[in-house]
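In what follows, a structure is listed as structure tokens, so that the remarks can point back to it.
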Amino acid sequence: MGRPVMTSISPSTMAAVRRSGAVPNAEFLLAAEGIRKEFPGVLALDDVSFRLKRGSVHALMGENGAGKSTLMKILAGIYTPDQGEVTLRGVPIRLQSPLDALENGIAMIHQELNLMPYMTVAENIWIRREPRNRLGFVNHGEMHRMTADLFKRLRIDIDPEIEVRHLSVASRQMVEIAKAVSYESDVLIMDEPTSALTETEVGHLFSIIRDLRSHGIGIVYITHKMNELFEISDEFSVFRDGRYIGTHAASDVTRDDIIKMMVGREITQMFPKEDVAIGDVVLSVKNLTLKGVFENVSFDVRAGEIMGVAGLVGSGRSNVAETIFGVTPASSGTIDLYGKRVDIKSPAVAIQNHMAFLTEDRKDTGCLLILDILQNMQVAVLHDRFVKGGFVQESAVEKACEDMAKRLRVKTPGLFERIENLSGGNQQKVLIGRWLLTNPRILILDEPTRGIDVGAKAEIHRIVTEFAKAGVAVLMISSEMPEVLGMSDRIMVMHEGKVTGFLDRSEATQVKVMELASR
Amino acid sequence: ETIGVAMSLFDDNWLTGLRHSMEDHAKGLKDVTVNTEDGQGDIAKQQSQVDNFIAAGVDGIVIMLVDADAGAAISKRAAEAGIPLVFVNNAPSNVDSLPDKQAFVGSNEEQAGTLETETVCKMLGGKGKAVIIQGQLGTTGQRGRTKATHDVLATDACKGIEVVDEQSANWMRTPSLDLVTNWLSAGRDFDAVIANNDEMALGAIQALKASGKSMDKVVVGGVDATADALAAMQAGDLDVTVFQNAKGQGVGAIDTVLKLARGEKVEKKTYIPFELVTKDNLAQYTAKN
Amino acid sequence: MESKALAETATQDHPAPRKRRLPTELSIFLVLVGIALVYEILGWIFVHQSFLMNSQRLTIMVLQVSVIGIIAVGVTQVIITGGIDLSSGSVVGMTAMIAAGFAQSSTWTRAIYPNMTDLPAIIPIATGILIGLAAGLVNGWLIAYTKIPPFIATLGMMVSARGISKWYTKGQPVSGLTDQFNFIGSGAWPVIVFLVVALIFHIALRYTRYGKFTYAIGANPQAARVSGINIEAHLIKVYAIAGALAGLAGIVTAARAQTAQSGMGVMYELDAIAAAVIGGTSLAGGVGRITGTVIGVIILGVMSSGFTFLRVDAYYQEIIKGAIIVAAVVADVYRQKRKKV
Amino acid sequence: MESKALAETATQDHPAPRKRRLPTELSIFLVLVGIALVYEILGWIFVHQSFLMNSQRLTIMVLQVSVIGIIAVGVTQVIITGGIDLSSGSVVGMTAMIAAGFAQSSTWTRAIYPNMTDLPAIIPIATGILIGLAAGLVNGWLIAYTKIPPFIATLGMMVSARGISKWYTKGQPVSGLTDQFNFIGSGAWPVIVFLVVALIFHIALRYTRYGKFTYAIGANPQAARVSGINIEAHLIKVYAIAGALAGLAGIVTAARAQTAQSGMGVMYELDAIAAAVIGGTSLAGGVGRITGTVIGVIILGVMSSGFTFLRVDAYYQEIIKGAIIVAAVVADVYRQKRKKV
Ligand SMILES: Nc1ncnc2c1ncn2[C@@H]1O[C@H](COP(=O)(O)OP(=O)(O)OP(=O)(O)O)[C@@H](O)[C@H]1O
Ligand SMILES: Nc1ncnc2c1ncn2[C@@H]1O[C@H](COP(=O)(O)OP(=O)(O)OP(=O)(O)O)[C@@H](O)[C@H]1O
Ligand SMILES: [Mg+2]
Ligand SMILES: [Mg+2]
């Protein structure tokens with residue numbers, strides 16, 4: 001290579017150079033060459049290269065576990081690569097810690113939320129950079145003002161003084177975005193920032209991104225949502241199995257091209273919805289109310305029916321699902337299962353009644369992070385299957401989990417891998433597997449394909465359809481409009497804790513749903 | 001009258017006897033109530049208990065000090081408050097210069113170790129090998145008794161006795177049982193066990209018996225003359241113990257503090273001597289403690 | 001994915017079953033072996049004896065910690081749920097006192113029931129276990145239903161149970177126990193009780209639903225709840241078991257000492273927790289195994305036997321003991337980290 | 001498992017903005033007031049005296065726990081980071097011994113330095129704080145860099161430091177301290193030291209970056225790390241501060257008793273942790289305030305004074321004490337839950 005051999009410059013020197021403004025001009029803002037990273041049993045990145053231009057949005061695409069997050073974590077100073085070189089503005093650099101990366105102008109929004117739940121929004125955003133007064137004390141008033149300014153600029157409506165634990169997942173995601181922007185970095189990495197957002201916030205985020213791009217900032221954008229790619233990115237790179245496949249301009253390709261690059265084959269049908277015979281009402285909810293959260297929610301779901309639930313963030317969809325499943329028992333109203341009144345006062349009761357519920361928040365209410373895949377998958381099924389005299393029938397349950405993992409295309413070195421070490425999408429698959437194993441009669445899914453790649457998404461849709469075909473009633477909450485429209489027999493729309501209407505498959509369109517959702 | 005009794009520790013067999021003797025004696029007196037506190041071996045806690053007694057306005061305080069050296073501070077505190085104070089059993093470091101309305105009733109720790117060791121020495125005929133089992137390190141009893149033991153073993157008559165090992169078993173039976181078993185497994189050979197108290201001596205006996213040692217061949221000595229110890233002596237396992245008159249000290253302390261409270265004159269220092277117990281005079285003690 | 005890439009990379013698309021990792025206990029076991037070998041070598045150098053080739057010493061090493069071990073088995077389970085049990089040492093004292101009260105022989109002046117004849121040993125044993133169980137139930141109930149932190153609930157029990165054991169006979173020791181009762185404390189019986197208990201709960205934790213749920217609760221209580229686990233009921237079970245084991249430990253302690261005293265078991269909870277943590281149980285919950293705890297317990301036993309063996313001065317023992325505990329865990333952490341890479 | 005995980009079910013998305021919540025300490029403060037009032041009423045009924053209208057008693061209530069309080073201020077910070085410090089009680093003993101060695105007056109046979117003249121009190125005081133600091137640095141370094149659990153690192157220090165204090169003078173107490181040194185233990189001085197320390201760290205935790213980092217690390221270490229906080233360096237600071245405060249507590253203890261003994265401070269760590277937890281600090285990290293800890297400490301003091309005041313038999317004191325600790329926290333949890341809905 002014609003590049004002069006350079007020894008790595010220490011991050012602190014680099015930071016000083018950056019502050020001085022004497023930043024060398026290079027073709028690429030950030031480049032990574034020949035990166036290799038191995039975890040025990042997994043080669044996450046193998047000779048991968050990546051180049052980011054200034055003032056552009058560069059999307060990263062790839063199946064779950066392709067290595068996208070791992071590469072970004074290397075660029076953000078969280079992992080050190082086993083091999084390879086990172087150059088920032090043409091200067092080779094070795095990042096030793098997240099602080100190095102931040103000081104060099106690289107900020108990152110992580111795939112999993114990384115906030116301090118018991119601290120306020122303002123404290124979360126300005127941590128380590130709190131404004132101080134002459135005596136060295138944190139100036140809370142100033143910090144509040146700075147946060148308010150930032151939020152005004154980004155058009156975010158969240159109280160800076162509220163503790164983060166009180167926020168919904170979507171709001172937390174917005175806080176993360178604001179925090180990353182507040183670093184005023186040159187490189188901004190966004191790892192699936194929209195997986196918890198609805199269209200309104202996404203649109204919102206995109207305007208922020210465009211604004212940043214126009215200021216010469218380079219943005220790396222990871223997503224599994226194809227439409228976002230075309231809407232926001234200038235160019236994109238595709239990874240597969242820890243290898244670099246190629247980089248193209250977004251305008252040069254079609255959706256199918258990308259899928260083929262990612263998956264190595266074509267995906268015929270994204271929403272393999274089939275018409276099935278609709279049976280009796282199995283879940284009937286009447287005037288369900290949770291004080292201060294939602295009220296008078298009434299609907300029926302029948303065997304074989306897939307009922308989609310749409311709404312904006314904070315419309316209370318997740319809360320309704322939680323209440324039906326007994327996580328937060330209702331303050332009034334009734335739930336009938338299979339024609340019988342049931343007082344669902346805890347999830348245990350719901351499960352006894354053959355319900356299953358995939359929660360929205362993977363990290364908080366889903367994963368048993370430090371346990372292995374097997375234990376994560378089997379935990380719900382052990383209530384009535386695979387147990388004899390208290391003893392777990394290990395080989396039978398292992399076999400079942402293994403089959404399920406295969407079916408869902410979980411990418412892992414083995415069932416005894418900690419779920420913590422899986423990529424986000426693969427974690428989601430394991431959790432879906434947990435519930436499918438229980439052979440439910442009522443299946444409640446809250447954002448089921450959050451963070452899942454296109455290939456697996458189609459597979460999950462196919463499985464859900466199969467379940468419906470077998471007579472399972474499905475309640476599917478989703479913020480992805482194509483998914484709701486593509487999969488549902490009927491759509492229930494919510495707005496601010498109230499049901500605003502139902503739409504049949506035949507009459508449902510994006511416009512009609514949005515109308516009801518924002519009424 | 002209300003008398004505050006600050007004990008150093010409840011979890012100790014001899015101290016329990018002392019405490020009961022005070023409580024029982026007070027019960028027999030008219031209009032005297034005692035209010036007992038457990039210092040749990042913590043000198044600071046004990047100080048606070050004295051402060052609490054003062055705040056509660058008791059008529060007199062009896063204290064079994066956690067440590068002799070803390071006596072001066074407590075003595076000063078009580079003198080300032082003008083409340084009579086009697087030190088029982090454990091003499092404060094300022095025992096020779098006690099202020100008005102204060103007195104000491106008790107015995108001298110070192111004497112126990114001296115009596116015990118002298119007798120063991122005699123039984124061994126002045127030569128052989130011995131192990132010493134100490135109480136919890138740093139406590140008054142451990143220091144006083146161990147020092148006395150070493151002093152006796154340094155005398156001409158007992159110089160022939162070699163100390164082959166010396167460890168602590170925290171005053172308790174099971175740790176002593178484990179300690180002696182460990183010694184035996186390490187092949188330590190000894191003719192005598194000199195323990196700082198009876199519980200540890202009994203633990204040693206259990207260990208010796210469990211490994212098939214004949215108790216006739218080993219001289220075992222303790223201090224306290226607890227019921228269990230006397231039973232063991234009766235059975236021929238324990239050879240020496242030292243009786244410390246809990247009743248004498250307890251009754252003496254209560255009487256003294258009451259006299260002080262009533263403004264009567266008392267003896268500044270009353271020493272109640274330790275008494276040696278062996279198989280020969282065992283009978284007269286079995287009823288006592 | 002049927003791509004050729006698969007052949008070359010170490011990754012596999014589909015889970016390869018049966019590829020269990022090396023158990024983490026292996027690492028701490030090697031540490032134990034290391035400590036024993038150091039003693040062995042020092043033994044030859046300084047006292048010209050073998051440390052390990054001595055069956056009596058091998059027994060006492062475990063014997064002296066078997067009571068701690070019995071408690072630690074229960075405490076490990078509690079810690080796996082993300083809780084803590086500070087009460088076990090006091091429960092040992094309390095059950096020892098009460099059980100011994102039923103085990104006194106008629107040739108002795110009884111502390112509590114002066115006119116009772118000798119009872120068969122099963123009665124004090126059952127009493128002791130039940131009292132421990134009751135203490136555990138109270139702990140569990142408080143934690144599950146009033147939602148106070150386990151630290152506080154069991155601290156309260158720790159203080160109260162100690163109070164009860166002092167109050168029970170007003171501080172008098174309870175001695176003169178029947179031979180039948182003392183039997184379970186004689187010889188290597190405590191070791192056998194410990195190992196049987198450890199085996200039972202090793203199996204329970206690894207192979208039963210009880211075990212799987214215990215780990216799940218510790219790993220993420222909210223997720224466990226949503227997965228249909230009745231957390232409250234399960235926690236009560238776990239604490240009750242820990243209490244019952246502490247009760248059993250109290251019986252063994254009294255039988256070994258052939259007496260019961262109110263001060264028995266002081267600070268045992270700390271040793272038990274330490275053994276569990278040394279053995280790899282995480283106080284954050286979700287992680288831990290009985291095998292690790294057993295090794296942790298044995299490390300404590302080996303350490304103290306080693307001190308006596310090498311004639312370490314009593315004044316230095318504690319200083320060194322602290323350092324060894326830290327060093328053992330540092331070595332363990334270091335080994336596990338290296339293994340990973 | 002911390003109860004908050006379970007309790008957090010009544011969800012609310014956007015509570016009314018700008019409405020700062022009532023501080024959580026208010027709740028535990030009311031519990032304190034409740035306990036005091038119960039004593040007051042019982043006092044009038046049974047001993048015909050006022051419990052609170054007695055300035056001497058009010059002082060001693062805090063005085064007797066001020067050493068615990070000084071430690072608890074440090075321990076609270078450690079717990080907020082998600083750690084624990086078991087060594088503080090032993091560090092109290094160790095620093096008391098060593099500091100007192102420099103504070104002996106020449107009229108006394110010195111334990112350590114027989115030929116030294118009287119030193120100004122500042123020397124033993126500085127020595128004590130530095131020794132505590134050193135112990136804390138060792139704890140912090142072990143936890144930050146060897147990644148062993150704080151429980152083990154500080155347990156090791158607990159055992160070793162206790163060993164050092166026994167070994168230092170072979171168990172002899174160090175007495176005959178200079179009046180200048182004893183002064184800081186006289187009268188209400190310990191209370192003043194405690195409150196000043198509490199105030200300083202209350203401010204540090206709430207109004208400085210040091211405080212923000214402390215909370216951040218405890219709440220979510222991963223998040224703290226990616227925000228660029230140097231977790232290792234910060235943890236060392238926190239443990240060092242806790243150690244220095246334990247050192248200070250050791251000095252106050254020795255000055256109050258006018259002697260130093262190797263057994264000083266036994267189990268203080270437990271009282272300090274209990275005070276913090278009673279005051280609302282969560283052992284899971286990220287949550288806690290010095291004001292709460294101060295109230296927790298005072299609850300412990302009020303409880304003991306009340307027992308003596310009401311002449312509760314020592315046998316019952318412990319039994320009741322355990323129950324009160326539990327009840328106080330149950331009441332607190334209950335109030336906080338109600339307030340939320
Ligand atoms: N800490 C870790 N330990 C072990 N394996 C890991 C670790 N982090 C990631 N991996 C593995 O590395 C691979 C790449 O993971 P990565 O998170 O980069 O995927 P991704 O492309 O971001 O996927 P997704 O779209 O699901 O987020 C996966 O197989 C994952 O299991
Ligand atoms: N105070 C809170 N503490 C913890 N979690 C909360 C709180 N309030 C809301 N949540 C969680 O945030 C999530 C979002 O709830 P919301 O009422 O916004 O449902 P939604 O309409 O489904 O919105 P979304 O589109 O974000 O899923 C729920 O899972 C809920 O449990
Ligand atoms: Mg990812
Ligand atoms: Mg939702």
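Throughout, a chain's letter reflects where its sequence line sits, starting with A, and its residues are numbered from 1.
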Under a 4.5 Å heavy-atom cut-off, does chain C meet the side chain of B:Glu199, its backbone, both or neither?
-> side chain

Do B:Ser185 and C:Asn54 have side-chain atoms, one donor and one acceptor, less than 3.5 Å apart?
-> no

Is C:Lys166 salt-bridged to B:Asp38, going by a charged N under 4.0 Å from an acidic O?
-> yes

Contacting region of C:Gln258 [heavy-atom separation from chain B under 4.5 Å] | both

Can you say whether the rings of C:Phe307 and C:Tyr39 are parallel (under 30°), tilted (30 to 60°) or perpendicular (over 60°)?
-> perpendicular

Region of B:Val164 in contact with chain C, defined by heavy-atom distances below 4.5 Å | backbone

Candidate pair B:Asp11 and C:Gln261, rule side-chain hydrogen bond (donor to acceptor under 3.5 Å, both in side chains), full reasoning = CA-CA 7 Å; B:Asp11 290 328; C:Gln261 320 227 344; over 6 Å; no

Sort by residue number and list every member of residues 204-213 of chain B having a non-hydrogen atom under 4.5 Å from chain C.
-> B:Gln206, B:Ser211

Using the salt bridge (Lys or Arg N to Asp or Glu O under 4.0 Å) rule, take B:Asp165 and B:Arg188 through it: C-alpha gap first, then chi angles, then the decisive distance, then the call.
-> CA-CA 8 Å; B:Asp165 216 329; B:Arg188 290 286 188 286; 2.9 Å; yes

Output a table of donor-acceptor pairs, distance under 3.5 Å, between side-chain atoms of residues 59-71 of chain C and any protein atom two or more places apart or on a different chain; print 'none' if there are none.
residue, atom, partner, partner atom, Å
C:Thr59, OG1, C:Ser55, O, 2.8
C:Gln64, OE1, B:Asn182, ND2, 2.9
C:Gln64, NE2, C:Gly301, O, 2.9
C:Gln64, NE2, C:Ser305, OG, 2.9
C:Ser66, OG, C:Leu63, O, 2.8

Sort out for me which of C:Ala257, C:Ala314, C:Gly263, C:Ser186 touches chain B most, counting heavy-atom pairs under 4.5 Å.
-> C:Ala257

B:Gln142 vs B:Gln136, side-chain hydrogen bond (donor to acceptor under 3.5 Å, both in side chains): CA-CA, chis, key distance, verdict | CA-CA 6 Å; B:Gln142 174 260 336; B:Gln136 193 180 354; over 6 Å; no

Residue among C:Gly185, C:Gly171, C:Gly93, C:Ser165 with most heavy-atom pairs under 4.5 Å to chain B | C:Gly171

Just say parallel, tilted or perpendicular for the rings of C:Phe183 and C:Trp189, cut-offs at 30° and 60°.
-> tilted

Go through the atoms of B:Leu184 and report whether side chain, backbone, both or neither lie under 4.5 Å from a heavy atom of chain C.
-> both

Residue, of C:Arg162, C:Arg57, C:Lys170, that accumulates the most heavy atom pairs under 4.5 Å with chain B | C:Arg57

So, B:Asp224 versus B:Gln244: side-chain donor-acceptor pair below 3.5 Å or not?
-> no

